[in-house]
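Below is one structure, written out as structure tokens, with a few remarks after it.
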2 protein chains.
Amino acid sequence: MSDLLERLRERGWRLTAQRRVVAEVLDGDHVHLTADEVHARAVSRLPEISRATVYNTLGELVVLGEVLEVSTDGRAKRYDPNAHHSHQHLICSHCGTIRDVHPAGDPLAALPADERFGFAVSGAEITYRGLCPDCH
Amino acid sequence: MSDLLERLRERGWRLTAQRRVVAEVLDGDHVHLTADEVHARAVSRLPEISRATVYNTLGELVVLGEVLEVSTDGRAKRYDPNAHHSHQHLICSHCGTIRDVHPAGDPLAALPADERFGFAVSGAEITYRGLCPDCH
DNA sequence: ATCCTAGCTTGGACTTTGTCTAAGTCAACA
DNA sequence: TGTTGACTTAGACAAAGTCCAAGCTAGGAT
């Protein structure tokens with residue numbers, strides 16, 4: 001994650017305590033926190049950090065391509081730091097747990113030309129749903 | 001769509017003017033309205049219908065399996081009446097237009113057993129993204 | 001045909017999630 | 001060390017959705 005901060009600094013990002021804390025909170029695998037969850041964890045390390053800064057920082061990380069925004073349920077967006085490894089998501093229909101998964105093949109290949117309606121199709125997001133081991 | 005109302009009445013649904021109007025508004029192909037859009041159109045046919053009733057009715061239609069809820073962008077949920085024909089969505093990254101599409105093959109087949117983490121996987125939703133003919 | 005009542009609808013208050021702004025603060029370069 | 005533009009803050013605001021108490025009504029019962 002220090003690589004991340006270094007990379008961003010080289011891109012002209014000003015390195016503040018707040019941004020460092022947000023980046024630290026997002027470190028790890030299978031991390032899919034909401035903005036409020038990120039804020040809560042950030043506050044425990046830097047009590048005066050504001051909600052607005054967390055939103056700003058998450059938004060910047062998304063634009064910079066360092067974090068993915070995932071809208072799984074129409075409620076709060078979640079932020080996924082695993083942006084450099086293409087993956088999809090598997091979500092428990094009961095408890096909401098999210099795992100990163102790697103399906104075989106290229107999902108775009110499954111969409112025939114006559115189903116593209118003249119679009120220049122550039123990507124596909126897949127959400128698999130089912131019950132996790134704890135919920136069945 | 002009258003089939004729909006008949007089907008619901010047989011399931012014990014009380015048929016009110018409000019529910020009829022919501023069902024009428026949702027009729028058609030490639031319909032993906034937000035709750036507020038449904039409300040706006042419903043109001044033009046039945047001026048006194050309330051937002052709460054539109055939300056209630058949409059929620060019931062989703063539970064009854066007659067309408068799908070689609071969260072495409074983390075903003076308002078959209079309601080898709082095409083629930084009886086399995087399909088996925090293709091969305092224009094620029095203007096937000098949504099089309100129903102039908103990919104080849106079973107999307108679940110692409111997820112290997114060792115990527116299922118013990119989940120009982122039951123479904124997959126795919127969102128294809130790209131630029132529509134009007135936007136490129 | 002009328003009555004009854006469980007179920008439906010209503011408006012408004014409330015919650016959640018996210019955005020915006022003006023004023024103050026500070027990282028990084030000179 | 002000083003300067004300055006970028007960053008942060010608190011709080012107001014907005015959008016989307018939920019909840020509730022009070023009133024209304026569809027449709028079966030009489």
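Labels below follow one simple rule: chain letters A, B, ... track the order of the sequence lines, proteins then strands, and each chain is numbered from 1.
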Side chain to side chain donor-acceptor pair (under 3.5 Å) partners of E115(B), counting only residues at least two apart: H102(A)
Per-nucleotide protein contact string for nucleotides 21-30 of chain D, where B marks a base within reach and S marks sugar-phosphate only (heavy atoms under 4.0 Å, - for neither): ----BBS---
Atom-to-atom span, CZ of R75(A) to P of dA15(D) - whole angstrom: 19 Å
Per-pair distances, 0.1 Å, donor-acceptor, side chain in residues 128-136 of chain B, under 3.5 Å, sequence neighbours excluded:
residue: R129(B); atom: NE; partner: E125(A); partner atom: OE2; Å: 2.6
residue: R129(B); atom: NH2; partner: T72(B); partner atom: O; Å: 2.9

Residues from residues 47-64 of chain A lying under 4.0 Å of DNA chain D - heavy atoms: E48(A), I49(A), S50(A), A52(A), T53(A)
Residues forming a salt bridge (Lys or Arg N to Asp or Glu O under 4.0 Å) with R14(B), sequence neighbours excluded: none
Interatomic distance where CZ belongs to R78(B) and P belongs to dA16(D) [whole Å]: 10 Å
In one Ile/Leu/Val/Met/Phe/Trp/Tyr side-chain cluster, 4.5 Å: Y79(A), V101(A): no
Value in whole Å for how far the P atom of dA6(D) lies from CZ of R11(A): 18 Å
H85(A): side chain to side chain contact (heavy atoms under 4.5 Å, CB included) partners, not counting sequence neighbours: N82(A)
For F117(B), ring pair (Phe, Tyr, Trp, His ring centres under 6.0 Å) partners two or more places apart: H30(A)
Rounded distance [0.5 Å steps], CG in L68(B) versus CG in L61(B): 11.0 Å
I98(B): hydrophobic cluster co-members (side-chain, 4.5 Å): I91(B)
ring-ring contact (aromatic ring centres under 6.0 Å, His included) pairs, two or more places apart, involving residues 35-77 of chain A: none
H87(B): ring pair (Phe, Tyr, Trp, His ring centres under 6.0 Å) partners, not counting sequence neighbours: H89(B)
Contact summary for A76(A) and T34(A), nearest pair of heavy atoms: CB-CG2, 3.8 Å
hydrophobic_cluster_shared for V70(A) and L33(A), side chain cutoff 4.5 Å: no
Helical bend (five base pairs per end, nearest 10°) for the helix from dA1(C)-dT30(D) to dA30(C)-dT1(D): 30°
N/O donor-acceptor pair under 3.5 Å between E24(B) side chain and V21(B) backbone: no
First-last contacting nucleotides on DNA chain C - partner chain B, under 4.0 angstrom, heavy atom: dA6(C) to dG11(C)
